[in-house]
Visitor: 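A single structure is presented below for examination.
All chains are named by letter (A, B, ...) in the order of the sequence lines, taking the proteins before the strands, and each is independently numbered beginning at 1.
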Amino acid sequence: MSAYKSDFLNILAERGFIHQVSEPDALDARAKAGAITGYIGFDCTAASLHVGSLLPIMMLYWMQQTGHRPIALMGGGTTRVGDPSGKDESRRILTDEMIEQNLKGIRAIFSKFLKFDGAGGNADKSNAIMANNADWLNKLNYIDFLRDVGKHFSVNRMLAFDSVKLRLDRQQELSFLEFNYMVLQAYDFVELNKHHGCILQMGGSDQWGNIVNGIDLGRRMINAQLFALTSPLITTSSGAKMGKTAAGAVWLDAGLVSPYDYWQYWRNTEDGDVARFLKLFTILPLDEIARLAALKGQEINEAKKVLASEATALVHGRPAAIEAGETSRKTFEEGATSLALPTVSVARKDVAAGLGVLNAFVTAGLAASNGEVRRAISNNAVAVNDVRITSDKHTIGENDISSDGVIKLSLGKKQHVLLKPS
RNA sequence: GGGAGAGUGUCCCGAGCGGCAAAGGGGGCGGACUGUAAAUCCGCUGGCUAUGCCUUCGUAGGUUCGAGUCCUACCUCUCCCA
């Protein structure tokens with residue numbers, strides 16, 4: 001079905017990762033001829049990456065799997081500037097300490113998808129590389145940089161880029177600081193080419209302009225032939241952006257979003273997205289995915305479970321995925337209480353003294369305030385040990401503790417937390 | 001430098017004759033229907049030790065019994081003129 005000759009582009013194309021490619025034939029030939037090096041840049045604006053970043057991570061994964069060398073570039077330097085692409089307002093400036101801290105959390109995630117140091121070290125072409133653009137951006141000299149790099153940029157052209165134009169058209173402020181972002185990103189590409197022979201930059205479709213800038217700069221500064229490959233913007237069938245839930249972003253860090261909640265996130269995928277997501281977010285073979293995608297009606301739930309388990313296994317490991325699946329099965333299909341549900345500890349003496357429902361639900365993190373719990377109760381959405389609560393005066397006592405030593409709190413049908421007195 | 005306008009419920013957009021916990025959306029949560037889906041319909045969507053109290057409309061003052069609304073200064077952002 002695909003016209004590509006290289007495994008790398010074929011797999012990306014078949015699995016739905018490709019939105020645009022620059023000079024596809026030339027890139028295909030390079031990837032066919034031997035190992036190439038490509039990179040994706042990641043912001044350090046948060047302490048972890050979320051589901052939205054999973055797509056680019058998977059592209060790096062497939063790159064390595066098809067025999068090429070991926071570079072995960074941490075934006076330690078560029079995050080100090082802030083990418084204006086696709087945003088109406090300036091991002092607030094992060095302190096260097098925050099960036100440094102965020103960088104640590106993000107690094108940890110990559111080790112689950114990429115192999116960094118096998119035998120052979122950096123010389124081994126199959127090893128992924130972790131780079132940080134702060135290493136070269138932070139020590140730039142302004143005047144030198146303007147003369148060496150800035151002279152290749154036309155402001156006329158920069159003004160025409162979507163990331164800039166959007167701001168200008170909407171009459172939103174674009175600071176000079178942000179205006180420089182694309183210059184720095186372009187410089188990253190050249191820098192990675194010089195040091196690692198990197199010829200490909202990948203990213204989301206909103207990065208196209210930034211990437212093309214890097215290609216131009218590479219040609220002008222060092223006469224290199226560089227390539228761009230972007231992925232489509234992933235939204236759900238009903239048009240919502242991915243990765244947002246009640247609790248906020250779906251983080252890839254187990255400390256921020258438990259494997260159980262992560263599993264649940266994928267389990268609740270819309271029907272129309274199942275096949276697409278299986279291709280993008282799992283590494284199952286395509287024929288297996290085709291089989292799952294053919295399931296109709298109620299049977300598609302089986303495909304969703306596979307999606308949830310496979311996606312969870314990639315991020316949190318197989319045992320955690322199995323446990324999350326089992327916990328979900330017990331909770332939803334048997335209506336039983338699984339001890340592996342998210343658990344919050346409380347002091348046993350507080351329970352003995354009688355714990356108010358309002359307090360209990362807020363403590364468990366199921367509600368933000370007492371008022372929220374009250375409203376939930378009046379909406380008939382609150383249950384303790386699967387028994388509906390109708391009064392906000394209800395108290396939980398020692399006799400609510402099950403033989404397993406926990407109290408199950410439920411908000412609605414899907415949100416469950418165990419209270420563990422100790 | 002001169003002139004005109006804007007900033008609203010800490011998710012977003014947006015109404016708001018001096019009586020306002022503040023219209024309406026979107027989003028989110030809950031309920032019904034289903035399949036832990038979508039669509040649809042319904043409810044909720046400042047806080048509290050709760051028939052009351054406290055905190056919210058860019059910031060700080062002022063007028064008033066009472067201010068999101070009127071006045072003054074300041075901050076930020078737009079637009080027009082120089």
Visitor: In whole angstrom, what separates A:K304's NZ from B:U34's C1'?
Guide: 11 Å

Visitor: So, is A:R375 near the phosphate of B:G28, with a side-chain N or O under 4.0 Å from OP1 or OP2?
Guide: no

Visitor: Partner lookup for B:C74, please. Criteria are Watson-Crick or G-U wobble with both distances under 3.5 angstrom; report none if nothing qualifies.
Guide: B:G58

Visitor: Quick check: does any side chain N or O of A:T312 sit under 3.5 Å from a backbone N or O of A:S309, one acting as donor and the other as acceptor?
Guide: no

Visitor: Of all the nucleotides listed (B:G43, B:U36, B:G35), which has the minimum atom distance to the side chain of A:N379?
Guide: B:G43

Visitor: Any strand counts, and the cut-off is 3.5 Å on both contacts for Watson-Crick or G-U wobble. Which nucleotide pairs with B:C33?
Guide: none

Visitor: When the C1' atoms of B:C57 and B:U8 are considered, how many whole Å apart are they?
Guide: 4 Å

Visitor: Of the options B:G43, B:U36, B:A37, whose atoms approach the side-chain atoms of A:D271 most closely?
Guide: B:A37

Visitor: Go ahead and name the base partner of B:A22; Watson-Crick or wobble counts if both distances stay under 3.5 Å, otherwise write none.
Guide: none

Visitor: Write down the distance separating the P atoms in B:U45 and B:U63, rounded off to the nearest Å.
Guide: 37 Å

Visitor: Taking atom NZ as the centre, does A:K112 end up with more than 12 heavy-atom neighbours from other residues, nucleotides or ligands that are less than 6.0 angstrom away?
Guide: yes

Visitor: Going by atom types alone, do A:T363 and A:N359 pair a side-chain donor with an acceptor below 3.5 Å?
Guide: yes

Visitor: In whole Å, measure the gap between the P atoms of B:C42 and B:C33 for me.
Guide: 16 Å

Visitor: Counting only side-chain heavy atoms from C-beta out, which of B:C29, B:A50, B:C48 sits nearest to A:Q415?
Guide: B:C29

Visitor: Looking only at atom P, what distance separates B:G30 and B:A38, rounded to whole Å?
Guide: 11 Å

Visitor: When you compare B:G3 with B:U10, how far apart are their C1' atoms, in angstrom units rounded to a whole number?
Guide: 34 Å

Visitor: Has A:N370 got a side-chain N or O lying under 4.0 Å from the OP1 or OP2 atom of B:U49?
Guide: yes

Visitor: Below 4.0 angstrom from OP1 or OP2 of B:A37, is there any side-chain N or O of A:T269?
Guide: no

Visitor: Does A:K414 have a side-chain nitrogen or oxygen under 4.0 Å from the phosphate oxygens OP1 or OP2 of B:A37?
Guide: yes

Visitor: Pick the C1' atom in B:A32 and in B:U76, then give their distance to the nearest Å.
Guide: 47 Å

Visitor: Does a sphere of radius 6.0 Å around NZ in A:K305 hold more than 12 heavy atoms from other residues, nucleotides or ligands, not counting ones at 6.0 Å or beyond?
Guide: yes

Visitor: Among B:U36, B:U49, B:G35, which nucleotide has an atom closest to any side-chain atom of A:I300?
Guide: B:G35

Visitor: Closer than 4.0 Å, any side-chain N/O of A:Q298 to the OP1 or OP2 of B:U36?
Guide: no

Visitor: Can you tell me how far P in B:G7 sits from the matching atom in B:C71, rounded to whole Å?
Guide: 14 Å

Visitor: Closer than 4.0 Å, any side-chain N/O of A:K413 to the OP1 or OP2 of B:A32?
Guide: yes

Visitor: Applying the side chain to side chain contact (heavy atoms under 4.5 Å, CB included) criterion to A:P421, which one of A:I401, A:I396, A:D350 satisfies it?
Guide: A:I401

Visitor: Under the 3.5 Å rule, do the base of B:U45 and the side chain of A:E372 count as making a donor-acceptor pair?
Guide: no

